[in-house]
Amino acid sequence: MVGISVQEVMTEKFAKIDINAPLSEAIGIFEKEDPDLIVVFDGKLYKGVLTQDLIIRSHLKWDPTKAKVRDVYKPAPVVKPDEDLSLAAKLMIETDLRSLPVGEDKNNVIGVISDIALLERVAKEEFGRRPVKEFMSSDVITLKPYDTVAKALATMRDHAISRIPVVNEEGKLEGLVTLHDLIIRFIKPRFKAQFGEVAGEKIPPFSTQLREVMLRGVITIKPEASVREAVELMKEHNIDGLVVVDDKNIVRGVLTVKDLLLPISRMVEQKARFYLQLGGDAHYLSDFTRERIISDIRRFVEGYEDLLGNEGIIYLRIRRFPEKLRGVHLYQARMRIVTDKGQWVATGETWGAIQAVHDALRAIERQILQEAELKRETKHTRRFIEYLGF
């Protein structure tokens, strides 16, 4: 446990909106007040939260001029004010949210806690003196300035990431591309064009080179810098990640808010080695389906614990399509497992959420067994051969 309560860090000021309000009203609140999130109520009963990212992504599903808050909001847990910050960090990771509502229950929401406020407080302790290199992700995926927007989007999709450093042939940082910016500049205009909002305007092609659209003047930090310095930079520039470079400006890693929340979240329960983060359309899942998926993933991790590593996060993004077969929706399950031994990414797409997750797990299982065979871990050879079909 961190030994610091949520109520010490939370703010009692927060934006709220009714679940049946038009989405345009929420957009107005973000433009005027710029809150981390808007808390959604159905009358006096808490229902969930609304973030700017959810609204931006909603352009891919809904006409924002006609949609209501209920079409876009996301269910999220309420953290109690007397809970330890380690629990709040754990919930932020599992829900993929940067802020959470605070209250005794769904009828008594009294405030909001943000990830930066949480990290800023914990960084005042010994944790803040530790170097960035202890927590950064060193296995960094990069792109070149001459690569295209299409390649960047495909890379983000395939690796389930939302930011990619752009480097030259020597590995020196030249810029940064983020999914947020690419959605706004390349995907959102195409959606709006369907409604005639950008008729006659030129929409930039996906073949555009990254050198033309990447963010320059990227905020960076050195591997030896302290966590406290990193948190201060994130807060000052209102960002959730930093590119880690050495004295020659060569990219050595990426440090995100999640990278810092993870060690704090582990203080909740020392036995918790892997965390599952459900996102996308996961709120459509029934309680039975959600519990079955969590149970199946838990068994998978236990079955390969010697190959997966000691700790990590499992990112699972569920997408539900409108198509149905015998009353069952078409689902896509995109899974990324990041551990201290490496990372694996796979996608499953079929009828039914459970089966889609199973397909993704089987694909990752093949990757793990193949790596084990390549490393000549003979005790797994038989299982690998079975998957080859011999």
Side-chain angles (χ1 to χ4, degrees), residues 90 93-96 135-143 151-165 179 241 251 253-256 258-259 261-263 265-266 272-282 290 292-319 331-350 353-389:
K90 179 177 183 290
I93 289 175
E94 292 179 343
T95 58
D96 194 21
F135 307 104
M136 70 181 189
S137 300
S138 55
D139 187 13
V140 185
I141 294 170
T142 61
L143 291 172
K151 183 174 181 179
L153 287 169
T155 302
M156 290 176 181
R157 177 201 63 201
D158 293 342
H159 294 275
I161 54 178
S162 60
R163 67 183 66 240
I164 302 178
L179 181 59
V251 174
V254 170
L255 181 75
T256 68
K258 290 179 183 176
D259 292 327
L261 287 176
L262 185 59
S265 71
R266 292 198 184 108
R273 296 170 48 242
F274 286 84
Y275 289 127
L276 172 63
Q277 182 183 100
L278 277 170
D281 295 331
R290 180 187 293 268
R292 171 68 184 276
I293 288 173
I294 293 173
S295 175
D296 290 345
I297 291 175
R298 183 182 297 115
R299 284 199 299 271
F300 175 83
V301 170
E302 291 172 351
Y304 288 97
E305 58 183 354
D306 55 333
L307 298 178
L308 286 174
N310 295 316
E311 54 191 19
I313 304 179
I314 301 171
Y315 301 95
L316 177 58
R317 187 169 186 83
I318 300 291
R319 184 178 180 188
Y331 277 89
Q332 181 188 82
R334 185 172 296 278
M335 182 179 294
R336 178 164 67 109
I337 301 179
V338 181
T339 79
D340 53 332
K341 280 195 175 182
Q343 59 178 302
W344 299 267
V345 181
T347 299
E349 185 174 311
T350 188
I354 294 175
Q355 188 58 49
V357 172
H358 285 181
D359 288 353
L361 284 173
R362 279 195 290 269
I364 289 179
E365 186 174 30
R366 286 192 292 271
Q367 295 173 29
I368 292 173
L369 291 175
Q370 184 176 21
E371 289 180 13
E373 171 62 14
L374 291 174
K375 293 176 182 177
R376 298 186 182 280
E377 296 184 24
T378 56
K379 65 178 180 178
H380 297 288
T381 299
R382 183 174 180 179
R383 295 169 76 179
F384 177 63
I385 292 176
E386 289 174 357
Y387 270 96
L388 291 178

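One-based numbering along the sequence shown.
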For the residue pair Arg317 and Gly280, what are the closest heavy atoms and their distance?
NH1-N, 3.4 Å

Any heavy-atom pair between the side chains of Ile141 and Ile161 that's under 4.5 Å?
yes

Closest non-hydrogen atoms of Leu278 and Arg290, given as atom of the first, atom of the second and distance, are CD1-NH1, 3.4 Å

Under a 4.5 Å cut-off applied to non-hydrogen side-chain atoms, are Glu349 and Asp359 in contact?
no

To the nearest 0.5 Å, how far apart are CD in Glu94 and CD1 in Ile314?
11.0 Å

Student check: side-chain heavy atoms of Lys258 and Asp96 closer than 4.5 Å
yes

Is there side-chain contact between Val357 and Tyr331, with heavy atoms separated by less than 4.5 Å?
no

Side chains of Met136 and Asp259, heavy atoms from C-beta outward: is any pair under 4.5 Å?
no

Ile337 and Phe300, any side-chain heavy atoms less than 4.5 Å apart:
yes

Could you tell me the separation between the OH atom of Tyr315 and the CD atom of Gln343, rounded to the nearest 0.5 Å?
9.5 Å

What distance separates Arg299 CZ from Leu361 CG, expressed to the nearest 0.5 Å?
10.0 Å

Quick check: closest heavy atoms across Thr350 and Ala356, and the distance to 0.1 Å?
CG2-N, 3.5 Å

Nearest heavy-atom approach of Ile294 to Leu276 is CG1-CD2, 3.7 Å

Any non-hydrogen side-chain atom of Phe135 less than 4.5 Å from a side-chain atom of Leu262?
no

What is the distance from atom CD of Glu365 to atom CG of Leu307, rounded to the nearest 0.5 Å?
10.5 Å

Distance from Glu302 atom CD to Ile297 atom CD1, nearest 0.5 Å?
12.0 Å

Side-chain heavy-atom pair Leu153, Arg157 within 4.5 angstrom cut-off:
no

Ignoring hydrogens, what is the shortest heavy-atom contact between Ile364 and Val345? Give both atom names and the distance.
CG1-C, 4.4 Å

If you measure from CZ on Arg292 to CD1 on Ile354, what distance do you get to the nearest 0.5 Å?
5.0 Å

In short, Ala360 meets Met335 closest at the heavy-atom pair CB-CB, 4.3 Å

